[in-house]
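In each ligand, atom 1 is the first atom listed, and ligand 1 is the first ligand listed.
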Amino acid sequence: MNLSIVIPIYNEEENIQPLFDRLRSTIVENNLFPTELIFVDDGCKDRSLEKVRGLKPQEGITIRLIELSRNFGHQIAVTAGLDHSTGDHVVIIDADLQDPPELIPELLQKIHEGNDVVYARRRNRKGESWLKRATAKWFYRLLSRITSVPIPVDTGDFRVISRRVVNVLNQMPEREKFLRGQIAWIGYDQTFVEYDRDERLSGDTGYTWGRMIGLALDGITSFSNFPLKVATISGFIMSFVSFLLMLYALYSRFILKVYEPGWTSLMLSVLFIGGIQLVSIGIIGEYIGRISNNVKQRPLYLIKDEKTIEP
Ligand code: UDP
Ligand code: MG
């Protein structure tokens with residue numbers, strides 16, 4: 001059985017060697033030959049590339065390096081790795097050792113029990129700010145409420161997937177990659193293993209707040225039309241309330257003959273309705289922007305160089 005391990009890297013120079021050492025001992029101890037390690041360089045600006053080129057492959061462990069033409073982001077880097085993988089099963093793992101390589105045999109065990117997807121679910125997360133943990137927790141629960149796809153909570157991209165799942169992923173044309181959602185959408189037999197998420201070994205996270213919000217929006221817009229429904233429903237409610245207010249305004253003008261000065265209520269309703277309109281237009285814009293991105297049909301990523309590291 002062939003195994004592929006896809007490792008997206010963005011400025012991980014200090015982590016490459018320790019990661020490789022731990023992967024290698026896991027592979028050797030569990031006799032996971034042959035395995036190919038696919039390092040995807042997502043436009044690294046440090047010495048990560050040299051570090052990968054300096055790794056020593058051995059009998060049964062192939063090292064491949066795919067260099068993207070610039071930084072395309074984590075999800076696209078993983079997609080590039082999946083596109084180039086050849087194994088019967090593919091592991092997706094972060095390069096910063098937050099995902100322990102030692103868990104891979106356990107994931108594979110469940111694959112052999114007949115599953116197509118085995119994801120690693122974090123029991124707790126060390127070394128991440130409470131704000132990141134809280135927003136992640138909140139986001140995954142919100143997402144699972146507003147989508148019909150059962151996207152697992154507290155799960156990143158660390159997982160093993162079978163070849164047929166990889167093939168379906170490669171056929172899914174959308175550009176807003178949200179792999180954990182797409183994989184949940186695909187179905188087949190999926191299960192999970194729990195683990196404790198470690199701290200990043202060295203270096204800084206490549207996921208800034210801006211990028212996390214981007215990923216969250218991609219996840220929501222790709223798997224739910226709920227925000228559009230909220231816009232529509234609040235539109236209906238507001239029109240209904242406005243209609244009642246109109247009736248009341250006419251009634252007080254012509255029947256009661258009292259004209260209120262009414263500045264406050266006027267301001268409030270103008271601001272409120274204006275706010276709802278802007279939010280709704282914004283939500284629609286998010287979807288239209290993504291449609292336009294997909295219509296352009298640009299390649300998802302460009303490859304600068306691709307090679308196998310020679311011993
Ligand atoms: N990564 C990437 N491109 C990016 C950002 C990150 O390929 O633009 C890689 C990074 O090297 C790591 C994985 O994606 O292997 C997860 O990123 P990170 O650890 O920064 O995310 P976090 O764990 O903080 O969510
Ligand atoms: Mg990390």
Side-chain angles (χ1 to χ4, degrees), residues 4-20 22-23 37-52 55 63-85 90-101 103-104 119-140 143 153-159 175-181 195-219 300-304:
S4 299
I5 302 184
V6 170
I7 311 151
I9 48 174
Y10 180 62
N11 299 347
E12 304 279 6
E13 56 182 2
E14 299 296 332
N15 299 330
I16 303 277
Q17 189 64 46
L19 171 73
F20 177 69
R22 279 173 63 180
L23 280 172
L37 304 180
I38 305 178
F39 288 89
V40 183
D41 161 38
D42 189 17
C44 292
K45 295 185 178 65
D46 63 357
R47 286 154 39 85
S48 304
L49 266 189
E50 287 165 50
K51 293 282 163 74
V52 176
L55 295 175
I63 302 179
R64 292 170 62 193
L65 173 61
I66 296 169
E67 290 175 48
L68 302 186
S69 63
R70 64 172 171 83
N71 179 249
F72 282 91
H74 171 230
Q75 298 285 305
I76 294 182
V78 173
T79 305
L82 292 178
D83 285 344
H84 289 80
S85 68
V90 184
V91 175
I92 303 170
I93 191 169
D94 283 358
D96 57 4
L97 286 167
Q98 284 195 289
D99 306 331
L103 198 70
I104 293 175
Y119 53 88
R121 185 165 155 179
R122 4 187 214 242
R123 213 176 288 130
N124 60 49
R125 321 170 63 156
K126 269 187 263 168
E128 287 172 315
S129 68
W130 70 266
L131 194 59
K132 180 157 180 168
R133 288 200 305 263
T135 46
K137 186 172 170 188
W138 177 84
F139 167 69
Y140 284 115
L143 189 62
V153 295
D154 300 329
T155 308
D157 287 315
F158 184 28
R159 56 188 65 212
R175 313 178 50 82
E176 281 70 38
K177 297 290 175 191
F178 186 65
L179 291 167
R180 53 203 87 157
Y195 78 114
D196 296 312
R197 188 157 168 89
D198 285 328
E199 269 174 70
R200 171 175 258 287
L201 183 69
S202 150
D204 291 322
T205 175
Y207 266 100
T208 55
W209 284 101
R211 285 184 162 205
M212 277 200 301
I213 293 170
L215 183 69
L217 282 179
D218 282 342
L300 194 57
Y301 55 83
L302 294 176
I303 290 184
K304 184 158 77 180

Starting from atom 1 (N) of ligand 1, what is the nearest protein heavy atom, named by residue and atom, and what distance separates them?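 Of every protein heavy atom, Tyr10 CB, 3.6 Å lies nearest to atom 1 (N) of ligand 1.
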re atom 25 (O) of ligand 1, the protein heavy-atom contact at minimum distance is Lys132 NZ, 3.2 Å
Would you check the N or O atoms of Asp204, main chain and side chain alike, for any that come under 3.5 Å of an N or O of ligand 1? no
Polar proximity ligand 1 side, Pro8 side, N/O cut 3.5 Å exclusive: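 It does: an N or O of Pro8 is found under 3.5 Å from an N or O of ligand 1.
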Kindly indicate whether a cation-pi arrangement holds for Arg70 with Phe72, taking the cut-offs as under 6.0 Å to the six-membered ring centre and within 45° of the axis.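 Satisfied, under 6.0 Å and within 45°.
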Could you pull out all residues at least two apart from Arg175 that satisfy salt bridge (charged side-chain N to carboxylate O under 4.0 Å, His left out)? none
Contact atoms of ligand 1, heavy-atom distance to Glu12 under 4.0 Å: 10 (C), 11 (O), 12 (C), 15 (O)
Within 4.0 Å of some non-hydrogen atom of Asn71, the atoms of ligand 1 are 3 (N), 4 (C), 8 (O)
Heteroatom count (protein N, O or S) under 2.8 Å of the Mg ion (ligand 2):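 Atoms of protein N, O or S type lying less than 2.8 Å from the Mg ion (ligand 2) total 2.
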Would Tyr10 and His74 count as having a side-chain donor-acceptor pair, cut-off 3.5 Å? no
Kindly check if the number of other-residue, nucleotide or ligand heavy atoms within 6.0 Å of CH2 (Trp138) is above 12?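 Incorrect, the count does not exceed 12.
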Hey, is Asp94 touching ligand 1 through its side chain, its backbone, both or neither, going by heavy atoms under 4.0 Å?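 Looking at Asp94 and ligand 1, atoms from backbone and side chain both fall under 4.0 Å.
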